[in-house]
Every structure is written in structure tokens, then in C-alpha cells.
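Each remark here refers to the structure printed beneath this line.
The residues of the chain are indexed from 1 along the displayed sequence. Just so you know, these numbers use all the heavy atoms, side chains as well, and skip hydrogens, waters and symmetry mates. Just follow the structure's listing: the first ligand is 1, and inside any ligand the first atom is 1.
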Amino acid sequence: MKKRAIITGITGQDGSYLAELLIQKDYEVHGVVRRASTFNRGRIDHLCSDVGHPDAAIYLHYGDLGDSNSLLRILSDVKPDEIYNLAAQSHVGVSFDMPEYTGDITALGTTRLLEALRTSKLPAKFYQASSSELYGKTTSPMQNEETPFYPRSPYGCAKAYAYYLTRNYRESYGMYAVNGILFNHESPRRGENFVTRKITLSLANILAGKQECLYLGNLEAKRDWGYAPEFVEGMWKIMQQPEPEDYVLATGRTASVRDFLELCMKHLHIRYERKGSGKDETYTDTKTGRTIVALDPLYHRPAEVDFLLGDASKAKRKLGWEAKTTIEELARIMLEADCREQGISL
Ligand code: NAP
Ligand code: F7E
């Protein structure tokens with residue numbers, strides 16, 4: 001019999017890649033989708049365009065992390081072997097504007113799902129999408145499973161709650177409940193308001209003459225950036241271990257937002273000149289003389305995570321997992337996809 005998996009957040013970047021991976025591995029894949037007034041299934045359309053059709057690759061269920069009853073109903077209908085909790089209000093900047101909602105969905109939503117699993121008494125394994133945002137204002141030069149947390153945003157605090165609750169259910173009830181502490185991972189399916197995708201999409205639009213200028217916030221923040229399809233493979237491996245344990249997944253390299261921006265412009269053969277300084281800094285295209293990148297305080301956060309660099313040696317040792325795609329390759333993959341959409345070949 002096929003293994004059954006439930007993915008919350010299946011319409012998101014990671015959920016869509018994980019669904020594809022699990023289908024390849026011959027799982028029966030069930031996804032939780034929330035009702036939206038506009039179509040929110042673009043990333044999984046190719047897997048479910050014929051919902052109800054016998055060949056449909058995934059089964060979708062209406063539900064919401066804010067609605068315990070829907071979670072209980074889905075668990076009892078599907079009787080899953082594995083649950084991947086990827087749903088969240090996942091935007092750090094937005095979490096400062098919506099701290100209560102972020103806590104309700106990202107933190108308490110995890111309680112609702114874990115409680116639904118515990119009370120249903122199903123023997124399913126549970127994966128929690130934990131985040132490098134837990135480390136926040138860390139002073140450790142590299143962060144691993146032992147590094148103390150110092151979250152810097154309502155999102156980071158909500159993820160800290162969900163992390164500890166997952167551990168608590170493991171320790172209190174003997175449940176197979178694990179955290180994957182994933183550092184930033186990106187792809188052409190990355191949401192358009194996360195910085196890497198905003199950069200690749202805007203540069204493609206600028207080349208196509210559809211946008212004048214790209215406005216950004218803090219260019220100095222450093223992140224450990226990997227490629228999302230590799231990271232969902234790591235999630236699955238974490239869930240196949242005999243003992244439930246928490247793991248860091250990261251590339252072991254760090255780069256600033258500025259590095260990523262300049263890498264992208266180089267890849268597109270855009271020759272630029274940096275002008276001004278501080279909040280007045282701009283990038284001008286030397287060929288056209290136009291300002292193509294400028295700063296906007298709108299994108300600054302009340303508290304910033306300045307530096308992240310992950311140490312995934314436990315995942316390498318115990319899971320045989322390692323990130324392979326470099327930031328240069330990642331930028332190329334994302335730029336090619338966004339430029340292709342504009343009819344520009346690189
Ligand atoms: P994403 O693209 O923003 O996807 C988030 C998903 O959550 C979407 O499917 C969204 O549905 C769903 N969702 C939001 N609110 C919900 C609610 N109330 N009930 C049910 N579903 C809800 O995020 P991602 O980049 O794939 O990340 C997946 C998970 O990993 C998230 O929990 C994120 O916080 C965490 N994480 C991400 C990274 C990263 O670098 N990508 C790193 C560490 C941890 P709609 O499509 O309807 O909005
Ligand atoms: O910001 C800076 C911003 O929003 C990265 C989520 O998946 O990864 C993600 O969170 C950096 C920050 O990702 C803009 O201030 C500058 O320093 O792309 P981001 P994030 O905050 O690292 C973690 C691991 C998660 O768990 C989260 O779910 O870029 N930045 N200018 C900007 N950021 C944005 N979004 N937009 C800008 O214009």
C-alpha cells in the first residue's frame with residue numbers, strides 16, 4: 001500500500017516541490033489548501049489540474065491552520081503516515097505589521113495540528129518547518145542544532161514557539177515529531193516579495209522595459225542561501241530516520257543581499273555604477289544612464305537579522321544530505337526562469 005502524506009502549505013514554494021518529490025517516491029499526496037478569492041494554486045496546477053480525475057496526482061482538502069475542526073477532519077479522512085507542516089505566515093517583514101496573526105497561524109497553528117494528531121491517536125510522523133530565523137541576533141560564527149536562539153521578529157518568535165512545542169510533544173507523548181531548521185532556500189517558485197525573487201523578477205522586468213527601478217531595503221544583511229528542491233529532499237530524509245531528531249539544513253556559505261544583487265547584474269551583463277551613499281545610494285546602468293536600483297526605507301525592518309551561516313554537518317553525517325547548488329547557480333536558475341517569462345533568453 002502507498003504511504004500517505006499530508007502537506008500543509010502545499011501551494012507554497014516548498015510545498016509544491018515536496019509534493020513533486022513525494023509523488024516521485026510513490027506516496028499518495030494530500031494537500032491542505034485554504035480558500036482564497038483569487039486562484040492560489042499556480043505552483044501545483046500541473047499536479048492537480050483535473051481534481052477528481054482518477055489520474056490526479058494529489059488530493060486537495062480545504063483547511064486552515066486557524067481552524068482546528070478542519071485539521072481534525074482532514075487527519076481522520078486521510079489517516080496519513082507522514083505530516084509535513086509547511087504552512088505559515090512566512091514573511092518576516094509582514095510579521096511586524098501582523099504580529100498577532102503571525103502568532104495565531106505560525107505558532108498556534110502548529111499547536112492545533114499537533115493536538116489534532118495527538119487526539120486522533122494516529123501513528124503519523126510529524127515534520128515542523130523550523131527556520132534559521134530562530135538564531136536571529138546570534139553571535140555564533142556558524143549556527144547548528146546546539147546554537148542558542150535569539151529571534152528578532154514576531155515571525156522568529158512564533159517559529160520558536162512552534163519549534164519548542166514540537167519537541168515538547170515528542171518528549172511528552174513519545175510522538176515522532178521533528179524540526180528541520182532550514183536556512184534560506186530559494187527558487188523560481190519563491191514568493192515575489194522575498195528579496196532574491198524580487199531582485200531576479202525586477203531585473204527581468206527592467207530588461208523587458210516593464211519596470212523602471214528596483215527598490216530595496218537593507219543590502220548588507222547576510223544569509224545562507226540554498227536551492228529549494230534540495231532542501232525538500234532533506235525534509236523527507238529527516239522523516240525517514242529511525243529516531244525523531246532535529247536537523248539544520250544549510251549550504252555553509254553566506255552572502256549579502258548586495259552580493260546577490262551584483263551577481264545577478266553581472267550575470268545579465270548589466271554594467272553599473274554605484275552612486276551616493278547611505279540611504280541615497282543608487283545603481284545606475286552605465287549604458288542607459290538610468291537609475292535601476294534605489295533604496296526605500298519602506299523595506300527596512302524594525303529589527304534586522306544581520307548574519308546567518310549554517311553548519312549542516314549533522315545532516316551530512318546522519319542523513320547523507322548536502323546542499324550542492326551554489327549561490328551563483330541559484331542566481332542563474334532564477335534569472336533564466338524570470339527572463340524566459342519575458343521572452344528574453346540568456
Ligand atoms: P510560502 O511559499 O510562503 O508558503 C506558505 C504556505 O502556507 C502557502 O501554501 C500558504 O497558502 C500557506 N498558508 C499560509 N497561511 C495559512 C493558513 N492560515 N492555513 C493554511 N495554510 C496557510 O513558504 P515557503 O517558502 O514554501 O516555506 C515553507 C515553510 O518553511 C514555512 O513555514 C516557512 O515559514 C518555513 N521556512 C521557509 C524557509 C525558506 O527559506 N523558504 C526557511 C525556513 C523555514 P497560500 O498559498 O494560500 O498563501
Ligand atoms: O529577506 C533584506 C531583508 O524577506 C532577506 C523566509 O523564507 O527566510 C526568509 O526570511 C534579507 C533581509 O527573507 C528587501 O531585510 C532588503 O535581511 O528574502 P527575505 P528572510 O527575512 O531571510 C527565513 C529562513 C524564513 O524562515 C522566512 O520564512 O533581505 N531585504 N531589501 C529585503 N527583503 C525583502 N523581502 N524585500 C526587500 O525589498
Side-chain angles (χ1 to χ4, degrees), residues 7-19 31-36 38-44 61-67 70-71 84-96 101-102 104-106 108-110 112-113 127-136 151-153 155-156 158-159 162-163 179-187 189-199 202 214-228 231-232 235 248-250 256-258 260-261 293 295-308 310:
I7 304 174
T8 71
I10 195 166
T11 54
Q13 170 187 259
D14 291 4
S16 64
Y17 285 120
L18 182 64
V32 180
V33 291
R34 55 181 180 158
R35 193 264 162 187
T38 51
F39 194 68
N40 61 356
R41 298 177 194 175
R43 295 183 181 103
I44 51 167
H61 307 261
Y62 276 112
D64 196 302
L65 281 196
D67 177 22
S70 64
L71 302 176
Y84 294 85
N85 184 30
L86 309 188
Q89 190 304 91
S90 70
H91 199 282
V92 175
V94 171
S95 79
F96 286 100
Y101 176 77
T102 302
D104 187 23
I105 300 308
T106 306
L108 277 184
T110 309
R112 294 187 186 100
L113 191 53
Y127 174 91
Q128 170 59 21
S130 283
S131 163
S132 53
E133 283 294 301
L134 296 172
Y135 301 117
R152 287 278 276 171
S153 63
Y155 169 83
K159 283 286 183 185
Y163 166 91
N179 288 286
I181 307 173
L182 272 51
F183 283 63
N184 297 55
H185 45 279
E186 321 288 314
S187 74
R189 295 187 196 169
R190 185 57 143 151
E192 294 175 11
N193 60 352
F194 295 93
V195 77
T196 55
R197 183 74 200 291
K198 184 173 167 182
I199 290 171
S202 298
L214 158 64
Y215 292 95
L216 292 170
N218 177 15
L219 299 183
E220 312 310 335
K222 290 188 154 187
R223 294 287 184 276
D224 179 324
W225 271 307
Y227 184 41
F231 281 60
V232 301
M235 292 178 188
V248 160
L249 300 183
S256 66
V257 174
R258 185 189 296 283
F260 188 82
L261 171 69
V293 181
L295 303 185
D296 187 332
L298 183 70
Y299 300 111
H300 279 269
R301 295 168 183 181
E304 180 61 285
V305 172
D306 295 320
F307 173 84
L308 291 173

Does ligand 1 come near enough to [X] that some N or O of the ligand is less than 3.5 Å from an N or O of the residue?
X: Ser131; answer: no
X: Asp14; answer: yes
X: Gly12; answer: yes
X: Asp64; answer: yes

Flag [X] as yes when one of its N or O atoms lies below 3.5 Å from any N or O atom of ligand 2, and as no otherwise.
X: Val195; value: yes
X: Ser132; value: no
X: Asn193; value: yes
X: Gly217; value: yes

Protein contact to [atom] [nearest heavy atom, distance to 0.1 Å]:
atom: atom 16 (C) of ligand 2; value: Asn218 O, 3.2 Å
atom: atom 20 (C) of ligand 1; value: Leu65 N, 3.6 Å
atom: atom 41 (N) of ligand 1; value: Arg190 NH1, 3.2 Å
atom: atom 3 (O) of ligand 1; value: Ser90 OG, 2.6 Å
atom: atom 29 (C) of ligand 1; value: Leu86 O, 3.1 Å

Per-atom contacts of ligand 1 with Leu182, taking only distances under 4.0 Å to non-hydrogen atoms | 42 (C), 43 (C)
Looking only at heavy atoms, is any part of [X] under 4.0 Å from ligand 2, and if so is it the side chain, the backbone, or both, or is it neither?
X: His91; result: side chain
X: Leu219; result: neither
X: Arg223; result: side chain

Under 4.0 Å from a heavy atom of [X]: which atoms of ligand 2 are those, numbered in the order shown and with their elements?
X: Arg190; value: 6 (C), 7 (O), 8 (O), 9 (C)
X: Glu304; value: 3 (C), 12 (C), 15 (O), 17 (O)
X: Ala221; value: 17 (O)
X: Val92; value: 10 (O), 21 (O)
X: Lys198; value: 37 (C), 38 (O)
X: Ser131; value: 23 (C), 24 (C), 25 (C), 26 (O)
X: Val257; value: 2 (C), 11 (C), 29 (O)

Just to be sure I read this right, does ligand 1 sit under 4.0 Å from the backbone of [X], its side chain, both, or neither, counting only heavy atoms?
X: Lys159; result: side chain
X: Gln13; result: both
X: Ser130; result: backbone
X: Glu133; result: neither
X: Thr11; result: both

Any side-chain donor near an acceptor of the partner, Gln89 and Thr102, under 3.5 Å | yes
Keeping the roles fixed (side chain from Lys159, backbone from Ala129), state whether a donor-acceptor pair exists under 3.5 Å.
-> yes
Backbone of Leu65 reached by a side-chain donor or acceptor of Arg34 within 3.5 Å | no
In Å and rounded to the nearest 0.5 Å, what is the CG to CG distance from Leu71 to Leu113?
-> 5.5 Å
Sole candidate of Ile105, Asn85, Thr8 that passes side-chain contact (heavy atoms from CB on, under 4.5 Å) when paired with Thr110 = Asn85
Could you pull out, from [options], the option with a heavy atom nearest to [atom]?
atom: atom 14 (C) of ligand 1; options: Ala87, Ala88, Ala129, Gly191; result: Ala88
atom: atom 25 (C) of ligand 2; options: Trp225, Tyr155, Tyr135; result: Tyr155
atom: atom 42 (C) of ligand 1; options: Arg35, His185, Arg189, Glu186; result: His185
atom: atom 16 (C) of ligand 1; options: Met235, Arg43, Arg34; result: Arg34

Would you indicate whether the side-chain heavy atoms of Tyr135 and Val305 approach each other to under 4.5 Å?
-> no
Any Gly93 heavy atom less than 4.0 Å from ligand 2 | no
